[in-house]
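First the structure, in the form of structure tokens, and then the observations on it.
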Amino acid sequence: TEPPFQNPYWDNKKEGIYVDIVTGVPLFATTDQYESGCGWPSFTKPIYPELIEELDDYKLGVHRTEVRSKTGNTHLGHVFPDGPGPDHLRYCINSASLRFIPKEKMQQEGYCFLVLHLFK
């Protein structure tokens with residue numbers, strides 16, 4: 001896990017998507033990103049929940065829910081029940097597990113279907 005407030009995406013203000021750094025699968029969108037104050041990029045939900053796996057994590061002696069990319073088996077971070085929105089979820093994700101694709105480059109990178117879906 002990278003240090004809080006010392007990672008590239010914790011305060012990203014550009015529009016775009018975050019993809020799994022290993023597989024390129026789209027995971028999170030800036031339309032669901034918010035400033036949680038935790039120092040890591042935080043999201044209210046994944047783009048496609050079926051591409052995320054949630055596992056029990058007791059590594060620090062307390063129960064947490066680990067978030068992994070199903071296709072890449074990549075550790076992404078954790079999800080907590082203290083977020084905004086109707087589901088009150090905060091997906092606290094490590095920048096190191098993501099690659100950011102700005103909205104203006106999504107089409108050339110092969111994610112044009114998401115431009116219409118996410119940025120109306």
Side-chain angles (χ1 to χ4, degrees):
T1 298
E2 61 206 0
F5 306 103
Q6 296 177 30
N7 56 80
Y9 305 135
W10 76 271
D11 65 345
N12 179 35
K13 304 288 188 258
K14 296 179 183 175
E15 287 187 310
I17 61 170
Y18 297 92
V19 301
D20 182 326
I21 198 164
V22 174
T23 65
V25 168
L27 298 172
F28 298 97
T30 56
T31 53
D32 301 308
Q33 188 171 359
Y34 70 100
E35 176 52 56
S36 69
C38 72
W40 291 280
S42 297
F43 307 89
T44 57
K45 63 182 180 183
I47 296 171
Y48 299 110
E50 64 272 15
L51 299 178
I52 299 290
E53 184 173 32
E54 297 181 5
L55 304 169
D56 290 329
D57 177 359
Y58 294 95
K59 290 180 186 116
L60 296 179
V62 295
H63 179 253
R64 298 184 302 167
T65 303
E66 179 187 12
V67 180
R68 298 186 75 81
S69 165
K70 275 189 180 178
T71 56
N73 195 28
T74 309
H75 170 79
L76 301 173
H78 292 85
V79 61
F80 300 97
D82 61 1
D87 296 327
H88 303 289
L89 296 176
R90 173 174 54 100
Y91 286 84
C92 184
I93 306 299
N94 289 300
S95 291
S97 67
L98 303 173
R99 182 168 72 92
F100 179 69
I101 302 172
K103 179 183 172 184
E104 61 273 7
K105 293 189 177 183
M106 286 173 61
Q107 186 168 354
Q108 86 183 51
E109 295 236 10
Y111 299 96
C112 57
F113 61 98
L114 284 174
V115 174
L116 298 173
H117 174 72
L118 296 171
F119 304 101
K120 298 175 182 161

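Quick caveat: nothing in here was measured; it's all calculated off a predicted structure.
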Revision key, fill the gap. When every non-hydrogen atom of P84 is compared with those of T44, the smallest separation belongs to CG-CG2, 3.8 Å
Exercise for review: Linking directly or through intermediates, with side-chain heavy atoms under 4.5 Å: list the remaining ILVMFWY members grouped with F5, chain and number order.
Suggested key: W10
Check your understanding: Which pair of non-hydrogen atoms, one from P46 and one from P49, has the smallest distance, and what is that distance?
Key -> CG-CA, 3.7 Å
Review point. Considering only heavy atoms from C-beta outward, does the side chain of N7 approach that of N94 to under 4.5 Å?
Key: no
Point to revise | Any L76 side-chain heavy atom under 4.5 Å of Y91 side chain | key: no
Check your understanding: Do the ring planes of Y58 and H63 sit parallel (below 30°), tilted (30 to 60°) or perpendicular (above 60°)?
Key -> tilted
Using distance only, find each side-chain donor-acceptor pair of residues 22-29 under 3.5 Å and give its atom names and separation, not counting sequence neighbours.
| from | atom 1 | to | atom 2 | distance (Å) |
| --- | --- | --- | --- | --- |
| T23 | OG1 | V25 | N | 3.2 |
| T23 | OG1 | T71 | OG1 | 3.4 |

Check your understanding: Side chains of D82 and S36: does their closest heavy-atom pair fall under 4.5 Å?
Key -> no
Review point. When you check the side-chain N and O atoms of Q33 and Y18, is any donor under 3.5 Å from an acceptor?
Key: yes
Practice item. Using the rule that two of Ile, Leu, Val, Met, Phe, Trp, Tyr join whenever any of their side-chain heavy atoms come within less than 4.5 Å, decide whether I47 and W40 are in one cluster. Key: no
Exercise for review: Assess whether atom CD of Q107 is packed by more than 12 heavy atoms of other residues, nucleotides or ligands within 6.0 Å.
Suggested key: no
Check your understanding: To the nearest 0.5 Å, how far apart are CD1 in I21 and OG1 in T74?
Key -> 9.0 Å
Check your understanding: Got a sec, which residues hit salt bridge (Lys or Arg N to Asp or Glu O under 4.0 Å) with E54, two or more places apart in sequence or on another chain?
Key -> none
**Study point:** Which residues share a side chain to side chain contact (heavy atoms under 4.5 Å, CB included) with D57, sequence neighbours left out
**Key:** K59, R64, E66, H78
Study note, to complete from the structure: Value for CD (Q6) from OG (S95), rounded to nearest 0.5 Å, stands at 11.5 Å
Check your understanding: Given the rule that I, L, V, M, F, W and Y join up when any side-chain heavy atoms are under 4.5 Å apart, are I52 and F80 in one cluster?
Key -> no
Exercise for review: Return the set of residues passing side chain to side chain contact (heavy atoms under 4.5 Å, CB included) with I101 (not counting sequence neighbours), or none when no residue passes.
Suggested key: I17, V19, R99, K105, M106, E109, Y111
Point to revise | Contact summary for L98 and Y9, nearest pair of heavy atoms | key: O-CE1, 3.8 Å
Check your understanding: Taking only residues at least two apart or on different chains, which pairs with a member in residues 5-31 satisfy salt bridge (charged side-chain N to carboxylate O under 4.0 Å, His left out)?
Key -> E15-K103
Review point. Can you get from F100 to F113 by hopping between Ile, Leu, Val, Met, Phe, Trp and Tyr side chains that sit under 4.5 Å apart?
Key: yes
